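Below is one structure; the comments refer to it alone.
None of these values were measured; they are calculated from a predicted model.
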Amino acid sequence: MKAGALRIGAFKTEPRHAEAVERVQRWTRGQFGLSENAAVMVTELVCKRPGCPPLETLVAFWLEDDQRRHFKVFKPTADMVPGDLPPGWLKDVLCAEWNEELDCC
């Protein structure tokens, strides 16, 4: 079973957006060595803070031990390129929750 696009909240329904979400999910799985079935959530957020880009993309994924990782890219999902993803070796510091073993983060 292959995991599909996982989106929360108001949905964009344009085919271009759905294709962009699937592309970013595929790049994320490849960049971080995740299985094809790994859950990867890609969602766009509106930022209204001064100096913030109008749309940013949040990517969250889960490791096999159910630990969540995430990162943010300050552009719309459709504008992302593979180079926007953090390097794969940063996987362990993209933690969503504080971890005693990662005192630096």
Side-chain angles (χ1 to χ4, degrees):
M1 180 171 132
K2 184 177 176 189
L6 172 62
R7 297 180 291 175
I8 298 172
F11 300 95
K12 285 191 170 185
T13 57
E14 304 92 37
R16 180 176 180 244
H17 182 73
E19 291 168 5
V21 167
E22 290 174 10
R23 211 173 32 248
V24 172
Q25 288 174 321
R26 185 175 61 252
W27 294 339
T28 300
R29 287 186 182 100
Q31 187 82 339
F32 298 105
L34 306 173
S35 74
E36 256 190 60
N37 295 326
V40 177
M41 180 184 73
V42 178
T43 190
E44 282 185 350
L45 304 171
V46 174
C47 183
K48 295 184 180 184
R49 293 187 310 254
C52 218
L55 281 177
E56 51 194 28
T57 300
L58 176 67
V59 179
F61 58 93
W62 286 259
L63 303 178
E64 290 182 13
D65 58 3
D66 288 332
Q67 289 187 6
R68 182 171 62 112
R69 302 286 190 257
H70 72 267
F71 60 91
K72 194 180 285 189
V73 177
F74 298 104
K75 60 171 66 169
T77 306
D79 294 346
M80 287 181 63
V81 296
D84 291 327
L85 276 65
W89 54 265
L90 280 177
K91 176 170 65 175
D92 290 333
V93 296
L94 297 173
C95 48
E97 292 89 23
W98 180 78
N99 182 334
E100 288 180 19
E101 296 176 20
L102 301 172
D103 288 337
C104 68
C105 308

Going from [atom1] on [X] to [atom2] on [Y], what distance comes out if it is rounded to the nearest 0.5 angstrom?
| X | Y | atom1 | atom2 | answer |
| --- | --- | --- | --- | --- |
| F74 | C47 | CZ | SG | 8.0 Å |
| D79 | E44 | CG | CD | 8.5 Å |
| L45 | L55 | CG | CG | 8.5 Å |
| K75 | M80 | NZ | CE | 7.5 Å |

Checklist entry - Using 30° and 60° as the class limits, which term best fits the ring planes of F71 and F32: parallel, tilted or perpendicular? => result tilted

Next on the checklist: Show the nearest heavy-atom pair for residues V21 and T77, with the distance to one decimal.
Outcome noted: N-CG2, 4.0 Å

Checklist entry - Closest approach of A20 and A78, non-hydrogen atoms and distance? => result CB-CA, 3.6 Å

Checklist entry - Stepwise, does the side chain to side chain contact (heavy atoms under 4.5 Å, CB included) test hold for V40 with R29? => result CA-CA 8 Å; V40 177; R29 287 186 182 100; 3.9 Å; yes

Does [X] reach the main-chain N or O of [Y] with its side chain, forming a donor-acceptor pair under 3.5 Å?
| X | Y | value |
| --- | --- | --- |
| R68 | F61 | no |
| T43 | L58 | no |
| Q31 | P86 | yes |
| D84 | V81 | yes |

Checklist entry - Are K91 and L63 close enough, and set up right, to give a side chain to side chain contact (heavy atoms under 4.5 Å, CB included), and what steps lead you there? => result CA-CA 10 Å; K91 176 170 65 175; L63 303 178; 3.7 Å; yes

Checklist entry - How about R23 and Q25: does a side-chain donor come under 3.5 Å of a side-chain acceptor? => result no

Checklist entry - Quick one: does D92's side chain get under 4.5 Å of R69's, heavy atoms only? => result yes

